[in-house]
Amino acid sequence: MTDQTALKFNQVTVVSLTTLALVTRMPWLMAGLGAAMLLGALRPQTAPLRAAYRALSPILRLRANTVQDDPRAHHFAQGVGGTFLLASALAGLAGLQVLSALLGVTVIALALLNLTTRICVGCLMYFQWRMLRYRLTR
């Protein structure tokens, strides 16, 4: 089961914080968000973005919209996004501003794609990886 409202909350948070980090050139913010996303991908029950959603949803009057879905695909996508953000932060700290911006804008674009069209590129990557693994092991 997957809460679609929580996914949207995460995407809006990722777009907002990544944009803020890029505009203000705060690689530490990018690193923190990337680390939070990776933690959420590896240990969903301790995900900082999930905790923020649970704390803020009553205040923002967000209602859960739970659907039958494989959450592993979303966790994988979150891990890919977190990895890109950590790479962006490292590039920014190393003075490679163009690379940092490209990686950050990629995350923003993919999160916006998912938010506006429900196309999750990271989820598609996950299912392709599972298909490849299946073909290689049979």
Side-chain angles (χ1 to χ4, degrees):
M1 299 297 281
T2 301
D3 181 356
Q4 295 291 316
T5 306
L7 292 178
K8 287 182 180 185
F9 175 87
N10 288 353
Q11 293 155 2
V12 169
T13 302
V14 167
V15 169
S16 301
L17 291 180
T18 304
T19 301
L20 177 65
L22 285 174
V23 169
T24 60
R25 293 193 178 184
M26 290 191 288
W28 59 267
L29 178 58
M30 193 91 68
L33 179 59
M37 290 174 69
L38 277 176
L39 177 61
L42 297 173
R43 299 189 56 130
Q45 64 277 12
T46 62
L49 292 177
R50 176 186 279 185
Y53 168 71
R54 287 185 176 159
L56 294 174
S57 60
I59 297 165
L60 299 173
R61 296 188 176 154
L62 301 176
R63 296 185 187 267
N65 177 20
T66 308
V67 297
Q68 188 71 25
D69 197 4
D70 186 353
R72 295 176 298 177
H74 300 290
H75 298 154
F76 181 85
Q78 188 173 12
V80 171
T83 301
F84 270 60
L85 289 180
L86 284 177
S88 176
L90 289 174
L93 290 170
L96 303 170
Q97 298 306 323
V98 173
L99 178 59
S100 176
L102 284 173
L103 291 167
V105 168
T106 299
V107 171
I108 291 168
L110 293 175
L112 283 173
L113 179 68
N114 195 350
L115 186 61
T116 59
T117 66
R118 298 180 73 188
I119 296 172
C120 176
V121 174
C123 298
L124 295 172
M125 290 169 56
Y126 171 79
F127 290 118
Q128 289 298 317
W129 172 74
R130 287 200 49 188
M131 178 84 69
L132 176 64
R133 201 172 104 196
Y134 171 75
R135 288 182 179 166
L136 292 175
T137 59
R138 44 173 206 155

Is there a continuous path of hydrophobic side-chain contacts, each under 4.5 Å between heavy atoms, that joins Tyr126 to Leu42? no
Just by modelled atom types, is the Leu102 backbone N or O under 3.5 Å from a matching donor or acceptor in the Thr106 side chain? yes
Over 60° means perpendicular and under 30° means parallel, so tell me whether Trp129 and Phe76 are parallel, tilted or perpendicular. parallel
Verify, without hydrogens or angle tests, whether Arg50 (side chain) and Gly40 (backbone) share a donor-acceptor contact under 3.5 angstrom. no
I'd like to know if the side chain of Ser100 and the backbone of Leu96 have a donor-acceptor N/O pair within less than 3.5 Å. no
What one should report as the nearest heavy-atom pair of Leu93 and Pro27 is CD2-CG, 3.6 Å
More than 12 foreign heavy atoms under 6.0 Å from CE of Met1: is that the case here? yes
Shared hydrophobic cluster, Phe84 / Leu112 (ILVMFWY, side-chain heavy atoms < 4.5 Å): yes
Which heavy atom in Ala36 sits nearest to a heavy atom in Pro48, and how many Å separate them? O-CD, 3.6 Å
Nearest-0.5 Å distance that lies between atom CG in Leu132 and atom OG1 in Thr137: 9.5 Å
Locate the shortest heavy-atom distance separating Asn65 from Asp3; write the atom from each residue and the value. N-OD1, 3.0 Å
Does one hydrophobic cluster hold both Leu90 and Met26, with members joined at side-chain heavy-atom distances below 4.5 Å? no
Do Met125 and Leu86 belong to the same hydrophobic cluster, where Ile, Leu, Val, Met, Phe, Trp and Tyr are linked whenever their side-chain heavy atoms lie under 4.5 Å apart, directly or via other members? no
From Leu99 atom CG to Leu103 atom CG, the distance as rounded to the nearest 0.5 Å: 4.5 Å
So, the side chain of Thr18 versus the backbone of Val15: is there a donor-acceptor pair under 3.5 Å, distance only? no
Between the main-chain N or O of Leu62 and the side-chain N or O of Ser57, is there a donor-acceptor pair closer than 3.5 Å? no
Interatomic spacing from CG in Asp70 to CZ in Phe127 - rounded to 0.5 Å: 5.0 Å
For Tyr53 versus Ala64, what's the shortest heavy-atom pair and its separation? OH-CA, 3.9 Å
Hey, could you give me the CD/CD1 distance between Gln11 and Ile108, rounded to the nearest 0.5 Å? 13.5 Å
Heavy-atom donor-acceptor pair, Gln78 side chain to Leu38 backbone, under 3.5 Å: no
Phe9, Val107: one ILVMFWY side-chain cluster at the under-4.5 Å cut-off? no
Evaluate side-chain contact (heavy atoms from CB on, under 4.5 Å) for Leu49 paired with Met37, printing each intermediate quantity in order. CA-CA 7 Å; Leu49 292 177; Met37 290 174 69; 4.0 Å; yes
Taking all atoms of both residues into account, what is the closest heavy-atom pair of Leu20 and Thr24, and its distance? O-OG1, 2.6 Å
Scanning both residues in full, the closest heavy-atom pair of Gly104 with Ser88 reads N-OG, 3.8 Å
Going by side chain to side chain donor-acceptor pair (under 3.5 Å), His74 matches just one of Asp69, Asn10, Asn114. Which one? Asp69
Given side chains that start at C-beta, do those of Val80 and Val121 come closer than 4.5 Å, heavy atoms only? no
